[in-house]
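Order of the sequence lines fixes the chain letters, A, B, ..., with proteins taken first and strands second; residue numbering starts at 1 for each chain.
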There are 2 protein chains.
Amino acid sequence: MPVNQIRQKLKQKGLRVTPQRIAIYEAVVKINNHPTAENIIDHIKTNHPNISTGTVYKVLDSLVENNLLKKVKTEKGLMRYDADISHHHHLYCTETDRIEDYKDEHLDKLISKYFEKKSIKDFRIQDIKLQITGKLINKT
Amino acid sequence: MPVNQIRQKLKQKGLRVTPQRIAIYEAVVKINNHPTAENIIDHIKTNHPNISTGTVYKVLDSLVENNLLKKVKTEKGLMRYDADISHHHHLYCTETDRIEDYKDEHLDKLISKYFEKKSIKDFRIQDIKLQITGKLINKT
DNA sequence: TTCTCCAAAGATAATGATTCTCTTTTAGAA
DNA sequence: TTCTAAAAGAGAATCATTATCTTTGGAGAA
């Protein structure tokens, strides 16, 4: 993603455009595997050796708060981040721990329709995502 | 859940029946909110003041490995556990962080049928669960 | 019932992940 | 160009989980 696009996203959210924020956001996009903070730190350390761990966490928090990133649910006791903030689902590979985005508008419609008719007692639905677990084939 | 039933589950999995395992498993069931290790420790400390934190983690790991418990995905950077190992979905309350089980056989059939026809490229599905996010009403 | 053995637990140190705090730097408005 | 407060740097502190060594006790054999 072009740096100018990242700058624009930051500006639109009223956030200062700093090299750290650009680098961290870009890393989440480029890693393309819903990275942890450590993955991000490893990724940016070459070009940005002085970005501290605390900064990475603070920037990630800020980007999440401002809806530029989202967190992904995992069961691993650590946080992973998603650069794609549009509605989508996730494919969780049980072998590699890779998490991929999965978009399926037809399926979305099906599920939306289903829950239009079927409400859940004592619960107001805000969002529904699929957690599709399995094995990636032909991919690292 | 009766202690004898817990004993039986442990025996069936070839695990030694120890008071710690019974207490920890029972806690997960009774808390009924996909607890963290800390929730479990707090819950059992009254009747079992000597169960150490390391033991709790080891027992939880053992119960998960032996399919007596499952881990639940969250985005919080810590682990939560599920005593219900049958197929189901989860309701995540954005206000209270409560996680409830949600079973819906009709929905399961719908989704199964959908993916019988629709395969995902380079991905072999093993399981599909819904992460239903929203707000619990009238519940603590 | 007793004995034995090794799996499990206790204790706590170690490690990894995240948050906090204080000081310095810098983005951007004026 | 200057100024200011937001952001970053550094690293300590806290929290969550794992590792390691010693002790205990579950359960099977006798």
Whole-Å gap separating [atom2] ([N]) and [atom1] ([X]):
X: A:D61; N: C:dC20; atom1: CG; atom2: C1'; result: 12 Å
X: A:L60; N: C:dT18; atom1: CG; atom2: P; result: 9 Å
X: B:R16; N: C:dA8; atom1: CZ; atom2: C1'; result: 7 Å
X: A:I44; N: D:dA8; atom1: CD1; atom2: C1'; result: 12 Å
X: A:N66; N: D:dA6; atom1: CG; atom2: P; result: 14 Å
X: B:K76; N: D:dC15; atom1: NZ; atom2: C1'; result: 15 Å
X: A:I41; N: C:dG16; atom1: CD1; atom2: P; result: 13 Å
X: B:M79; N: D:dC15; atom1: CE; atom2: P; result: 18 Å

**Request:** Please tell me which of B:V17 and A:V56 maps to the more 5' nucleotide of DNA chain D, matching each residue to the nucleotide holding its nearest heavy atom.
**Result:**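 This one resolves to A:V56.
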
**Prompt:** For B:K58 and B:L15, take the nucleotide of DNA chain D holding the closest heavy atom to each; which residue's nucleotide lies nearer the 5' end?
**Reply:**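 The residue whose closest nucleotide sits nearer the 5' end is B:K58.
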
At under 4.0 Å between heavy atoms, what does [X] touch on the DNA or RNA strands: base, sugar-phosphate, or nothing?
X: B:T18; value: sugar-phosphate
X: A:P19; value: sugar-phosphate
X: B:T53; value: base

**Message:** I want to check one thing: is the phosphate of C:dA8, taken as OP1 and OP2, less than 4.0 Å away from some side-chain N or O of B:R21?
**Reply:**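 Yes, B:R21 has a side-chain N/O under 4.0 Å of OP1/OP2 on C:dA8.
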
**Prompt:** Using a cut-off of less than 4.0 Å, is there contact between a side-chain N or O of A:Y57 and OP1 or OP2 of C:dT18?
**Reply:**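 For A:Y57, the contact criterion (side-chain N or O under 4.0 Å from OP1 or OP2 of C:dT18) is met.
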
**Request:** Go through D:dA8, D:dA16, C:dA11 for me and flag the one nearest to the B:L78 side chain.
**Result:**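 Nearest nucleotide to the side chain: D:dA16.
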
**Prompt:** Among D:dG9, C:dA27, D:dA16, which nucleotide sits nearest the side chain of A:N50?
**Reply:**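 That would be D:dG9.
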
**Prompt:** Where each residue is assigned the nucleotide of DNA chain C containing its nearest heavy atom, which of B:G54 and B:Q20 is assigned the position nearer the 5′ end?
**Reply:**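 Its nearest nucleotide being more 5', the pick is B:Q20.
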
**Asked** Taking for each residue the nucleotide of DNA chain C bearing the nearest heavy atom, is the 5' side occupied by A:K71 or by B:G14?
**Response**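 On the 5' side of the pair lies B:G14.
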
**Prompt:** Taking the side chain as C-beta and beyond, is there a heavy-atom pair between A:Y92 and B:K73 under 4.5 Å?
**Reply:**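 Yes, side chains in contact.
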
**Prompt:** A:F115 vs B:Y102 aromatic rings, parallel, tilted or perpendicular, using cut-offs 30° and 60°?
**Reply:**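 Plane angle between 30° and 60°, so tilted.
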
**Item:** Point-to-point distance, once rounded to the nearest 0.5 Å, from OH of A:Y81 to CG of A:L69
**Value:**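 Nearest 0.5 Å value for the OH-CG distance: 8.5 Å.
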
**Message:** So, under a plain 3.5 Å distance rule, would you say the side chain of A:K11 forms a donor-acceptor pair with the base of C:dG28?
**Reply:**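 No such pair is found, so the answer is no.
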
**Prompt:** So among A:K103, A:H89, A:K129, A:H88, which one has a side-chain hydrogen bond (donor to acceptor under 3.5 Å, both in side chains) with A:D108?
**Reply:**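 Between A:D108 and the candidates, side-chain hydrogen bond (donor to acceptor under 3.5 Å, both in side chains) is satisfied uniquely by A:H89.
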
**Prompt:** Would you say A:Y114 and A:I125 are hydrophobically clustered, going by side-chain heavy atoms of ILVMFWY under 4.5 Å?
**Reply:**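 Yes, one cluster joins them.
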
